[in-house]
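Have a look at the structure below, then the notes.
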Amino acid sequence: MQQHPFVAILTRLGTFVLVMIALSIMIFILARIVPGDPARMALGPAATQDQVDALRGQMGLDQPLVLQYLDYAGKALRGDLGMSLVSQRPVTTDLSQTVPATLELVLVSVVFMFAVAIPLGVLIAHYRDRAVDHLGRLLSLTGVTIPSFLFAITLQLLAARYLSGWPIIGRLDHDLNWTGGPTGFLLLDGLLTGRPDVSLNALQHLILPAFALSMAGIGQITRITRSAMIENQRKDHVLTLKSFGVPERVIIFRYLLKLSSIAPLTIMGLEFASLIGNAFVIEMIFAWGGFASYGLNAILQKDLNAVTAVVLVAGLFFIVANLIVDVLITMIDPRLRRKEAR
Amino acid sequence: MAEIKMLDASDRGLSGGYMMWYRFSRNPSAVIGTLILLSVVILAVFAPFLTPFPKHVGAVVDFRARHLPPDWTHWFGTDKVGRDIFSRTVFGLRISLLLVIGVLGISVPVGAILGLIAGYFGGWSEKLISGLTNVMLAMPPLVMALAVSNLLEPNLMNAMIAITLLWWTWHARLIYAVSKSIASEDYIEAARLAGAGPIHILFREILPNCIPVLSVKTTLDAAFVILFGATLSFLGFGVKPPIPDLGSMVADGRQFMPDYWWEVLCPGAAVLYTTLGFNLLGDGLRDMFDVES
């Protein structure tokens, strides 16, 4: 007995809400039990104890932890995540300026992953146990095992040596006179405001970091696609198609590929958390200035409101990614879709 | 050594130790992985005798020899204060292996025991495990480890604690799934009818059946822990200088890119070599035991 796909997705949504709540409680407690007084940190060592106490009252730090959390959660739902101690601005303002940069990077690298890994996985599954297969498996294993910082720095090194003039840090050249667009996604903003040169320049900047970020996923997805293709070749309906004399090309691209893309999609969803984690490293190396750079800085500076927000947003990324994966799988898998007709 | 112990544990069935050895020797990825790991362990354990400049692990300064490219004396070149990078890399492997032993030595037994209990008894422990792992899944582990270790104090010990706190859930989840499916087997019921207590059933009947899955998972995890530790120390959450660890050596060398590339690529390649070894062995074990990941 399977549920209606719509109900299944709603159930998942409910689980995700619970996960978000648990995550927020966890990080909230973690950020409150740290050694050190946030009020004292905000005011600096020169402030008197009275001033610190006053600010503690103002920040609600003298309340019980449960009330503090409810207060925080209530404000968070209304879009108020508190002030950043370092930037002295609302955390939401900081986030709205940094999240698009990271999102653009992550989305492009997800595109890279599927564009490279699925064809590669199909190819090496087709040439199973031949030279192409061994080479492809070695490459994908290297993708899984290589430290992302090593790969990123190597890319930078190669670009600096052999592609003179190719940008290796930042999101955009400084001499473009770009003042910012409506969405914060440079590829999109450039087109929307009639500045294709900005889009092109942004794309050039994107390629290396997006490739570096996608490497682990490329390795993983290639491996999963290969084993799914090989396993599904033995399925009855595929054997039937073969015995009817349907050309191999048609079998692979019309039937097998669809069936075999479910496993990589699921893995993609689960791996999304480590993708965000890797973005911390990649953004640092490529001076990207996105959400992950902001998060790393917040952690180093013990900027508690910012750290809490960064963890929550990272969790939200993961959850949205997995919802999208769920919807895609429901669309692909006829066994899930057909339940709708009943 | 680890794999030999594992073979003993799983060969009590019909296949026999010889069968396992045969399968192992016919599996190139397991053999290559084992050889790589053997070389890493030998290098790390006997580092003071095998490295040309063991003193360079400390705060040695020799400015005449700084930034030398790789040659026959300095296989991996020298760093910004003239220390031999090969010696420091080999000693850096010690930190990586310690991290693996520390993290997995705690999180595997803890996770396995909790997973066994949840799988066999069900009830609230079952709900707790699946709830916790759902939350942990949504959490970028790197971000969590950074947050925990920094809120305490950024050093490798705290980073290790942070990783361990996260890691046991994965083993709990895996063992939970396996032991749940085993718990309904007839022979478990037979053991219960014969008067076996829960301790006997958990550890003598169910646990041995989890060993193949657990050994594959643990081997692959070792690679992740090393990657993870190297990434943390690359970001500045590592051991205190001058003790060499691979991630911070890469971070140090990055200031001198692209001219002195060996200062980054050589310690980085050592991380890759080690993680490759664990992954090859893990893949090989998976084929040998024929378990699904």
Side-chain angles (χ1 to χ4, degrees), chain A residues 15-16 18-20 22-23 26-27 30-31 33-36 137 141-142 144-151 153-154 156-158 160-161 216 223-224 227 270 272-281 284-285 292 295-296 298-302 304 307-308 310-311 314-319 322, chain B residues 28-29 130-132 134-154 220 223-224 226-237 246-247 250-251 253-254 257-259 261 264-265 267-280 283 292-293:
Chain A
T15 320
F16 286 147
L18 287 180
V19 167
M20 270 317 270
L23 194 60
M26 218 164 79
I27 188 65
L30 206 65
I33 57 168
V34 292
R137 284 168 76 183
L141 185 64
T142 313
V144 175
T145 48
I146 197 167
S148 55
F149 57 83
L150 179 63
F151 187 61
I153 296 174
T154 310
Q156 268 185 334
L157 187 69
L158 292 176
R161 278 270 158 98
R223 282 154 65 95
I224 305 273
S227 54
L270 291 178
F272 210 78
S274 55
L275 183 68
I276 299 289
N278 268 340
F280 276 65
V281 178
M284 176 196 159
I285 291 173
L296 190 61
I299 289 170
L300 286 171
Q301 310 271 350
K302 303 205 181 194
L304 296 183
V307 172
T308 315
V310 163
V311 170
L316 200 64
F317 272 158
F318 174 83
I319 281 168
N322 275 279
Chain B
S29 107
S130 67
L132 261 175
N134 270 333
V135 179
M136 290 298 185
L137 266 173
M139 189 62 248
L142 190 69
V143 182
M144 200 62 180
L146 285 175
V148 172
S149 76
N150 190 257
L151 292 176
L152 298 170
E153 193 198 330
L220 293 176
F224 274 114
I226 287 178
L227 262 186
F228 213 78
T231 308
L232 280 175
S233 61
F234 173 76
L235 292 174
F237 295 75
L246 302 173
V250 173
R254 202 167 78 91
M257 293 285 283
D259 298 329
W261 50 267
V264 163
L265 296 193
V271 180
L272 177 60
Y273 181 71
T274 315
T275 52
L276 203 60
F278 277 114
N279 264 291
L280 283 169
D283 281 0
E292 288 287 311
S293 54

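The sequence lines fix the lettering, A, B, ..., with proteins before strands; numbering per chain opens at 1.
- Heavy atoms of A:Arg137 lying under 4.5 Å from chain B are absent altogether.
- In this view, B:Phe278 satisfies the ring-ring contact (aromatic ring centres under 6.0 Å, His included) rule with no residue, not counting sequence neighbours.
- When atom types are taken as modelled, the side chain of A:Gln156 and the backbone of A:Phe151 share no donor-acceptor pair closer than 3.5 angstrom.
- Contact annotation for A:Ser227: neither backbone nor side-chain heavy atoms come within less than 4.5 Å of a heavy atom of chain B.
- No side-chain donor from either of A:Thr145 and B:Asn279 sits under 3.5 Å from a side-chain acceptor of the other.
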(request) I would like to know whether A:Phe149 and B:Phe234 meet ring pair (Phe, Tyr, Trp, His ring centres under 6.0 Å); could you show each step before the answer? (result) CA-CA 8 Å; A:Phe149 57 83; B:Phe234 173 76; 4.6 Å; yes
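- Only the side chain of A:Leu296 comes within contact range of chain B, with heavy atoms under 4.5 Å apart.
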Quiz: residues 136-143 of chain B side-chain donor-acceptor pairs under 3.5 angstrom, not counting sequence neighbours:
none

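- In this structure, no portion of B:Ala251 lies under 4.5 Å from any heavy atom of chain A.
- When heavy atoms are compared at a cutoff of 4.5 Å, B:Ala230 approaches chain A by way of both its backbone and its side chain.
- Across all their heavy atoms, B:Ser233 and B:Gly247 have their closest contact at OG-CA, 3.2 Å.
- Counting heavy-atom pairs under 4.5 Å between each of A:Ile27, A:Leu316, A:Ile285, A:Thr15 and chain B puts A:Ile285 at the top.
- With a 4.5 Å cut-off on non-hydrogen atoms, A:Met26 touches chain B through its side chain but not through its backbone.
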